[in-house]
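Down below is the structure, laid out as structure tokens.
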Amino acid sequence: MRFKKRKPAREVRIDRFDAQGRGEGADASGRRWSVRGAPVGSTVLTGGKDGVRLGLVQAAEDAVTPPCAVFGVCGGCQWQEMPLARQRAEKHAALQRLLEPLGGVDHGMLAAEAGYGYRNKIELTFGVGRYLLAHELNTDIKREGRWLGFHAPGRYDRIVDTPDCNLASPAINKVYARIRADVYASGFAFWCPNEHVGFFRNLVLREGTPESGGEAPVLVALYTFPGDDAQAAWLRARAPTWGAACVGWFENAANADAAIGDLREVLVESGQGLSIRAMLGGVHFQLSPTAFFQVNVPGAELLVSAVRRMLGTNAGSTPDAPRVLWDLYCGAGLLGLACAAEFDAVYGIESVAAAIDDARRNAVDNGITNATFAAGNVENLLSDLPSPTAIIVDPPRNGLHADALRVLATMASYQTESRDLVLVYVACKPSSLLRDGVLLKQAGWVCTDWVAVDLFPQTVHVEVVTRWVVGVSGG
Ligand SMILES: C[S@@+](CC[C@H](N)C(=O)[O-])C[C@H]1O[C@@H](n2cnc3c(N)ncnc32)[C@H](O)[C@@H]1O
């Protein structure tokens with residue numbers, strides 16, 4: 001048998017973020033490395049597999065102590081060791097380097113104040129195999145047991161036992177603490193993903209907007225294996241004590257480990273069924289357990305304002321032409337509905353049919369009558385839409401589908417002289433934006449402006465809003 005020779009570990013002094021949000025820096029020979037979770041200003045050990053942080057040689061001068069006991073292992077956060085201002089400055093600098101080929105005026109980084117407690121949704125998993133932290137190895141803490149928390153990255157069968165999450169809102173943590181104490185006390189089995197036995201499987205908590213200064217309402221969706229009478233009686237008795245606005249009990253008999261299932265019973269009613277209300281961009285949303293919604297509302301307010309600003313007042317500036325907005329990849333309609341007052345007609349497209357149902361209901365609830373939503377893939381439905389004066393695209397992480405990109409690129413060449421067309425591209429993965437943006441630019445679109453929004457403090461993720469034009473204002 002041949003063994004692969006292990007590459008020696010190297011000391012790397014980290015001097016910036018790379019395009020994926022990893023720490024990047026040089027070793028003694030000048031070779032550059034990208035290392036996951038390596039803070040700018042620190043010196044780390046890496047080697048073997050490129051990108052793995054093997055150890056910390058010297059902390060950065062401005063290093064801070066991570067507040068989370070499970071930081072680095074739960075997989076949620078990467079930058080708790082860096083002060084928030086430094087995270088944001090480094091994210092912005094990395095974007096400046098990455099997006100340079102697109103051009104456009106850089107409007108910096110928008111960010112809400114909170115660096116913690118901003119998430120309005122968390123999803124946890126029940127399991128029987130604990131992910132042992134370094135200091136828990138060779139102690140009395142056993143791997144086998146009943147654990148509730150986040151999956152260890154890449155480990156479907158190991159749970160990072162998580163009593164609370166510093167990214168989640170205080171209201172979510174409060175309800176979570178009660179549920180956690182109860183399920184441990186219940187004696188019912190947690191799910192074993194190898195043997196496919198157990199009762200408790202997944203737990204989703206989602207926060208809405210408080211009504212006039214009250215506590216934020218929390219929706220709970222609890223996913224279990226189909227339950228017996230004793231389990232049903234226990235849930236009916238305990239759920240009302242958790243302090244949640246509504247609690248849904250879903251049953252999932254399938255082997256695959258995911259927060260999915262059929263609604264068995266609404267254990268606690270909010271008055272609006274199994275949903276809570278949230279407010280964003282001046283629009284009321286009714287959120288069901290599965291509806292897509294921005295997880296950082298104060299940050300998303302800044303995102304919506306940026307989109308509005310970038311659509312501008314010149315969208316459809318020809319006085320007698322109808323102002324038509326396309327909201328592509330619209331989810332539950334957030335961006336289109338928030339901008340609907342500026343347009344004669346809004347057309348939203350989204351592949352998830354349930355999200356389109358939500359978008360239609362949200363339009364009705366908000367008295368918005370000029371928005372039409374269609375379920376399907378953007379790349380298939382795009383050509384059927386009436387000609388736009390403004391377009392929003394907010395695609396998933398892998399960016400625009402090639403066919404959708406082709407249609408949008410072609411629009412640059414048949415644009416009439418009589419009116420401008422504005423495209424606002426919202427990107428959650430900047431490298432996908434770069435790839436699509438280079439093609440848009442080649443086709444004749446001009447990037448005039450961009451701004452970053454720090455929707456996800458403590459993590460590698462960042463959102464970018466870019467404005468594109470063709471026609472007279474594109475020069
Ligand atoms: C980043 S989210 C945008 C959601 C929305 N704009 C918002 O801010 O709430 C991307 C959305 O694109 C949808 N999606 C993914 N692929 C799609 C496709 N090919 N056609 C239409 N929608 C798609 C996803 O379901 C998801 O809701």
Side-chain angles (χ1 to χ4, degrees), residues 110 112 119-121 206 208-209 258 260 277-308 310-311 325-340 343 346-363 365-366 368 371-385 390-408 423-433 436 451-453 455-456 459 461-466:
L110 304 173
R119 275 195 74 96
N120 58 25
K121 186 180 174 199
R206 143 167 263 174
T209 306
I260 48 172
R277 280 168 79 79
M279 179 91 181
L280 179 51
V283 181
H284 282 287
F285 291 87
Q286 202 69 43
L287 302 181
S288 60
T290 51
F292 176 89
F293 194 63
Q294 297 284 346
V295 296
N296 177 352
V297 166
E301 291 285 4
L302 300 172
L303 177 81
V304 172
S305 310
V307 169
R308 280 206 191 105
M310 293 221 179
L311 285 176
L325 173 67
W326 290 358
D327 179 10
L328 306 181
Y329 308 89
C330 67
L334 167 67
L335 299 176
L337 293 175
C339 300
F343 291 86
V346 177
Y347 294 91
I349 300 179
E350 158 65 43
S351 57
V352 175
I356 286 295
D357 291 342
D358 287 342
R360 289 180 179 141
R361 194 186 52 194
N362 291 330
D365 287 354
N366 286 277
I368 296 171
T372 308
F373 294 97
N377 286 339
V378 164
E379 58 275 18
N380 299 334
L381 300 182
L382 199 50
S383 323
D384 303 337
L385 296 179
I391 304 170
I392 298 169
V393 293
D394 185 7
R397 288 184 64 70
N398 49 0
L400 294 169
H401 186 281
D403 292 343
L405 183 57
R406 206 168 301 126
V407 174
L408 293 172
L423 168 68
V424 174
Y425 188 135
V426 182
C428 51
K429 188 173 177 198
S431 53
S432 300
L433 165 66
D436 294 348
V451 68
V453 188
L455 282 185
F456 311 104
T459 80
H461 301 292
V462 64
E463 204 89 355
V464 188
V465 185
T466 53

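Just follow the structure's listing: the first ligand is 1, and inside any ligand the first atom is 1.
Checked by atom type and distance alone, the side chain of N120 never pairs as donor or acceptor with a backbone atom of R206 at under 3.5 Å. Side-chain N or O atoms of R397 include one that pairs as donor or acceptor with a backbone N or O of C428 at under 3.5 Å. A donor-acceptor pair under 3.5 Å is absent between the side-chain atoms of D436 and the main chain of G399, judged by distance alone. Without hydrogens or angle criteria, E301 side chain to G281 main chain gives a donor-acceptor distance under 3.5 Å. Between the side chain of N362 and the backbone N or O of F285 there is no donor-acceptor pair closer than 3.5 Å. Between the side chain of N366 and the backbone N or O of V283, no donor-acceptor pair lies under 3.5 Å.
Residues P396 and Y329 come closest through the heavy atom pair CD-CD2, 3.7 Å.
Considering backbone and side-chain N/O of Y329, one or more are found under 3.5 Å from N/O of ligand 1. Checked against a 3.5 angstrom limit, the closest N/O atoms of V352 and ligand 1 fall outside it.
Using a 4.0 Å heavy-atom cutoff, A355 is absent from the residues neighbouring ligand 1. Taking a 4.0 Å cut-off on heavy atoms, A332 fails to register as neighbouring ligand 1. In this structure, H401 falls outside the shell of residues with a heavy atom less than 4.0 angstrom from ligand 1. Residue contact check for ligand 1: P395 places a non-hydrogen atom closer than 4.0 Å to it.
Scanning the protein heavy atoms around atom 16 (N) of ligand 1, the nearest turns out to be P396 CG, 3.8 Å. In this structure, atom 20 (N) of ligand 1 lies nearest to the protein heavy atom V378 N, 2.9 Å. The nearest heavy-atom contact from the protein to atom 22 (N) of ligand 1 is S351 N, 3.0 Å. Summary of contacts: the protein heavy atom closest to atom 19 (N) of ligand 1 is E379 OE1, 3.1 Å. Of the protein's non-hydrogen atoms, E350 OE1, 3.5 Å is the one closest to atom 26 (C) of ligand 1. Scanning the protein for heavy atoms near atom 8 (O) of ligand 1, the closest one is Q294 NE2, 2.9 Å.
Listed by atom number, the atoms of ligand 1 under 4.0 Å from F292 heavy atoms are 2 (S), 4 (C), 7 (C), 9 (O). Listed by number with element, the atoms of ligand 1 under 4.0 Å from a non-hydrogen atom of C330 are 5 (C), 6 (N). Atom numbering of ligand 1 starts at 1 in the shown order; those under 4.0 Å from a heavy atom of G376 are 20 (N), 21 (C).
Residues E350 and F292 fail the side-chain proximity criterion, which asks for heavy atoms closer than 4.5 Å. Looking at H284 and T209, their side chains never come closer than 4.5 Å, going by heavy atoms from C-beta outward.
Partners of D365 under the salt bridge (charged side-chain N to carboxylate O under 4.0 Å, His left out) rule, at least two apart in sequence or in another chain, do not exist in this structure. A search for salt bridge (charged side-chain N to carboxylate O under 4.0 Å, His left out) contacts involving D358 returns R361, not counting sequence neighbours.
Here atom 2 (S) of ligand 1 lies nearest to D394 when heavy atoms of L381, D394, I349 are compared.
The proximity of L334 to ligand 1, defined as any non-hydrogen pair under 4.0 Å, is limited to the side chain.
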